[in-house]
Amino acid sequence: MGKLSKAEKKINYDAKLCRLLDDYAQVLIVAADNVGSNQLQNIRQGLRGHSIVLMGKNTMMKRSIKIHAEKTGNNAILNLVPLLVGNVGLIFTKGDLKEVKEEVAKYKVGAPARVGLVAPVDVVVPPGNTGLDPSQTSFFQVLNIPTKINKGTVEIITPVELIKKGDKVGSSESALLAKLGIRPFSYGLVVQMVYENGSVFSPEVLDLTEDDLVLKFASNVSNVAALALAISYPTIAAAPHMFLNAYKNVLAVAVATEYSFPQADKVKEYLKDPTKFAALAAPVAATGAPAAAAKVEAKKEEPSEESDEDMGLGLFD
């Protein structure tokens, strides 16, 4: 069988993408900058069984998604189109999204600092013996790295921030890092966005725990209740507070007038006869009395322990 023409390859690619869109409801959109073919093959093998990695030209993927949405009426998949920017790929999965994200992150590999690359992280050269002979000091002098000669080799005295995040790698920095055997960068597929049943969200959502969700839910319920109370709009969240405030208002009216109701009778009783408050406070005072008495006794006993010192007697007298 001969090689497939470009048109046939496009037809096969379109059919594969459409089949995946029909079979999978979960998609990870991943950036694939500086990811080699061998590394990508290892990722495919690691995800085999529950996920499929699909790479391709953005224009072709966008076209296939739009045409497939028109044919099937599944407009939810159109949410993928704006995400196809830059060097990206799609991971279709039926597994747990968080587990797939963690599995993809395992396949990062170290990479040298090539000239012209934009540093994704700060690069710091640690202090210590470099193993280089004294003739190599010119590299360090150009980069203003303090060194000394120790036992016939160059030794870096203090840690040096060689490249800052976002800066381009220069030829001197690249050459020095290569001589020191430092591979400062690591590359792999990076999850940028998550698509699930038409919804698109950030991958940080996958890292949320149940406690985080409960905390956020409680905070939002509190906000809803505060807003509802402020505009006097009844909601489930605000209902308990509204009933309590209404009770306080009616109780205030009952106390100020002759009008009364069962829930206000006891309060009005206490207000008419304040001695009943003392009856309520008595049990509390009784429980606190023994503790107070014990403290007084302890204070009384303390001077007896110091009586020897007061008489002027020492340990060896």
Worksheet entry | Any donor-acceptor pair under 3.5 Å from Ser64 side chain to Met60 backbone | yes
Worksheet, complete the sentence: Between Val53 and the options Leu40, Leu28, Val30, the side-chain contact (heavy atoms from CB on, under 4.5 Å) test singles out Leu40
Discussion item. If you apply the rule side chain to side chain contact (heavy atoms under 4.5 Å, CB included), what do you find for Leu84 with Ile65, and how did you get there?
Written reply: CA-CA 11 Å; Leu84 301 176; Ile65 291 171; 3.9 Å; yes
Worksheet item: Any side-chain heavy atom of Phe92 within less than 4.5 Å of one from Asp23?
Response: no
Worksheet item: Are the side chain of Asp122 and the backbone of Lys165 linked by a donor-acceptor contact shorter than 3.5 Å?
Response: yes
Item to complete: Using atom types as modelled and distance alone, determine if a side-chain donor or acceptor of Asn220 lies under 3.5 Å from a backbone N or O of Lys216.
Response: yes
Worksheet item: What's the shortest heavy-atom distance between Ala113 and Ser174, and which atoms?
Response: O-OG, 2.7 Å
Worksheet item: Is there a donor-acceptor pair closer than 3.5 Å between any side-chain N or O of Gln39 and the backbone N or O of Tyr187?
Response: yes
Worksheet entry | Residues Lys101, Asp207: salt bridge by 4.0 Å N-O rule | yes
Worksheet entry | Among Val125, Val154, Ile145, Asn150, the one residue meeting side-chain contact (heavy atoms from CB on, under 4.5 Å) with Thr130 | Val154
Worksheet, complete the sentence: The side chain to side chain contact (heavy atoms under 4.5 Å, CB included) partners of Asn249 (sequence neighbours excluded) come to none
Worksheet, complete the sentence: Between Ala69 and Asn75, the two heavy atoms sitting closest are O-OD1, 4.1 Å
Fill in: Expected output: side-chain Asn58 to main-chain Gly86 donor-acceptor under 3.5 Å
yes
